[in-house]
Amino acid sequence: MRIPISAVTTETTEAEVIGWIHEVRDLGGLAFYILRDRTGFLQATIVKKKAPESVLAAAKDASRESVVRITGVVKATEKAPGGREILPETFEVIAKADAPLPLDVAEKVPAEIDTRLDNRFIDARRPRVAGIFQIRSTVQNAITDLFFREGFINITTSKIVAAATEGGTELFPLAYFEKEAFLNQSPQLYKQMMMAAGFEKVFEIAPIFRAEEHNTTRHLNEATSIDVEISFADHEDVMDLLERVVVGCYTKVAEECPTAIDAMGIDFAVPNAPFPRITYAEAIDIAAISIEEDITYGDDLSTAAEKAIGDEMGEHYFITDWPTAIKPYYAMPFEDDPSVCKAFDLMHPRMELSSGAQRIHQHDLLVEQIQAKGLSPESFEFYLKPFRYGMPPHAGWGLGMERLVMTMLDLPNIREAVLFPRDRHRVTP
RNA sequence: GCCCAGGUAGUGUAGGGGCCUAUCAUGCAGCCCUGUCACGGCUGCGACACGGAUUCGAAUUCCGUCCUGGGCGCCA
């Protein structure tokens with residue numbers, strides 16, 4: 001019976017393990033084969049004078065990164081990594097690895113991100129990289145758990161759409177039989193339609209597509225969006241939820257992934273709630289005193305401005321009370337001052353993580369706002385229709401999964417947070 | 001879309017007109033080595049993205065092509 005490497009302890013007497021040959025150190029009469037599976041490392045020690053002939057032959061044949069099965073006696077010893085080693089009685093090469101390897105799993109020599117992504121399957125054998133995706137899995141699980149505990153319905157909406165959701169961003173066009181179609185940039189309109197359907201609380205964790213030709217360490221052309229929408233809720237309610245989601249997933253990662261965090265060698269701290277909240281106007285003031293460029297009320301926050309404010313805040317924070325003019329048409333204006341709306345962004349000191357708002361649920365006001373943005377209500381008919389038949393007030397947000405993981409683990413490049421990133425140039429693997 | 005920077009063995013690098021028959025590390029192959037943990041020692045293998053130009057001479061300068069990284073704008 002094969003057991004995981006982490007189950008081989010100083011108490012173990014015999015074991016069968018399967019793993020990859022991580023490193024070989026041949027000292028002559030004595031050879032050490034470091035075996036790796038996803039749970040850890042185990043040293044197989046071969047004493048050449050004593051080992052069976054078949055073990056010697058197989059071991060000689062086993063190149064680095066080959067998959068091997070070893071059975072043998074386990075001995076506790078201070079001299080071995082992990083305090084124990086296996087003395088192979090059988091040694092079988094299950095799948096031999098070619099040499100040279102496309103990159104060095106043992107990380108004696110670094111590899112560039114491009115080389116790593118071209119060979120992601122082998123890059124992901126590195127414990128540090130595997131750790132990222134174990135943590136990402138835990139994050140998604142923590143968030144999903146929280147949504148279910150709070151009574152959300154998990155929905156799946158179409159990624160093939162006929163028109164732009166929000167204007168602004170570029171879309172990937174698609175040949176859809178005799179029609180023109182696009183890959184969806186956001187589930188926004190569909191989430192809102194499900195409010196009209198009376199689902200009250202929905203979430204979706206799914207890909208979004210943006211055809212922007214940017215080339216940065218924080219943009220992807222295919223990203224994963226964590227989206228929620230709640231009826232009878234305002235922007236304050238969903239900001240509270242967002243705070244619970246972020247703190248909740250950090251907490252669960254801290255509890256469940258100590259080994260992965262350790263493998264990554266990072267300082268991991270759960271952020272403290274509540275997150276500070278500053279208004280857009282305050283954010284502009286902070287930026288204005290710390291950066292060179294002219295910035296005034298009504299401008300979008302430039303990258304430099306975002307960074308300056310982030311440095312000042314030093315932790316997660318919300319920016320609230322945005323000018324209606326620079327937020328999407330569906331953001332609800334304040335009743336007493338419609339030039340400001342109930343939209344917010346959740347910021348990490350490094351970058352924006354999420355944006356959300358209470359939405360406009362009144363049909364006529366929505367049409368007005370669509371027109372105010374220079375868009376045509378006719379092309380939004382499928383979206384506007386639900387607003388005429390009993391649309392409850394509602395609010396929601398979208399949170400970028402990759403940015404969440406990237407900032408959580410202090411990754412230098414967002415591509416590190418995706419197994420198979422799609423960027424300006426990369427479509428394979 | 002705009003603006004930078006860059007492509008040298010499998011990987012990561014040095015070298016910016018002649019000292020280059022191209023450095024170092026890792027890897028791979030062979031030999032030596034019984035407690036390594038970045039094992040060590042010796043020998044060897046393996047590369048200037050492509051095309052053109054300048055020059056007595058180009059990895060190095062220039063032009064073009066292809067590929068890539070990054071910044072900005074926009075966005076999550």
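Here is how names work: the chains are called A, B, and so on, in the same order as the sequence lines, proteins then strands, and each is numbered from 1. Just so it is clear, the model here is predicted, and its values are computed rather than measured.
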Which pairs, protein N/O on one side and nucleotides 13-15 of chain B N/O on the other, fall under 3.5 Å?
from: B/rU13; atom 1: OP1; to: A/Glu112; atom 2: OE2; distance (Å): 3.3

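- Applying the salt bridge (charged side-chain N to carboxylate O under 4.0 Å, His left out) test to pairs two or more places apart or on separate chains, those with a residue in residues 53-62 of chain A are A/Asp61-A/Lys96.
- Listed by residue number, A/Lys79, A/Ala80, A/Pro81, A/Glu85 are the residues of residues 67-89 of chain A with a heavy-atom contact under 4.0 Å to RNA chain B.
- Partners of A/Asn221 according to the side-chain contact (heavy atoms from CB on, under 4.5 Å) rule, which considers only residues two or more places apart in sequence or in another chain, are A/Phe172, A/His214, A/Asp423.
- Contacts between residues 409-417 of chain A and RNA chain B, defined by a heavy-atom separation under 4.0 Å, are made by A/Asn413, A/Arg415.
- Within residues 422-429 of chain A, the residues having any heavy atom under 4.0 Å from RNA chain B are, by residue number, A/His425.
- Under the ring-ring contact (aromatic ring centres under 6.0 Å, His included) criterion, no residue pair touches residues 112-145 of chain A, with sequence neighbours excluded.
- By the rule that a glycosidic angle within 90° of 0 means syn, B/rG16 counts as syn.
- Residues forming a side-chain hydrogen bond (donor to acceptor under 3.5 Å, both in side chains) with A/Asp262 (at least two apart in sequence, or on another chain): none.
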Could you go through nucleotides 42-44 of chain B and list every protein N or O atom that sits under 3.5 Å from one of its N or O atoms, giving the distance for each pair?
none

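- Each of A/Met313, A/Met347, A/Glu312 was scored for a side-chain contact (heavy atoms from CB on, under 4.5 Å) with A/Ile278, with one residue passing: A/Met313.
- Contacts between residues 33-49 of chain A and RNA chain B, defined by a heavy-atom separation below 4.0 Å, involve A/Gln43, A/Val47, A/Lys49, listed by number.
- Remark: A/Thr157 pairs with A/Ile155, A/Lys159, A/Pro187, A/Tyr190, A/Glu204 by the side-chain contact (heavy atoms from CB on, under 4.5 Å) rule, at least two apart or across chains.
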Anything under 3.5 Å between a protein N or O and an N or O of nucleotides 6-8 of chain B, put it in a table, one pair a line.
none

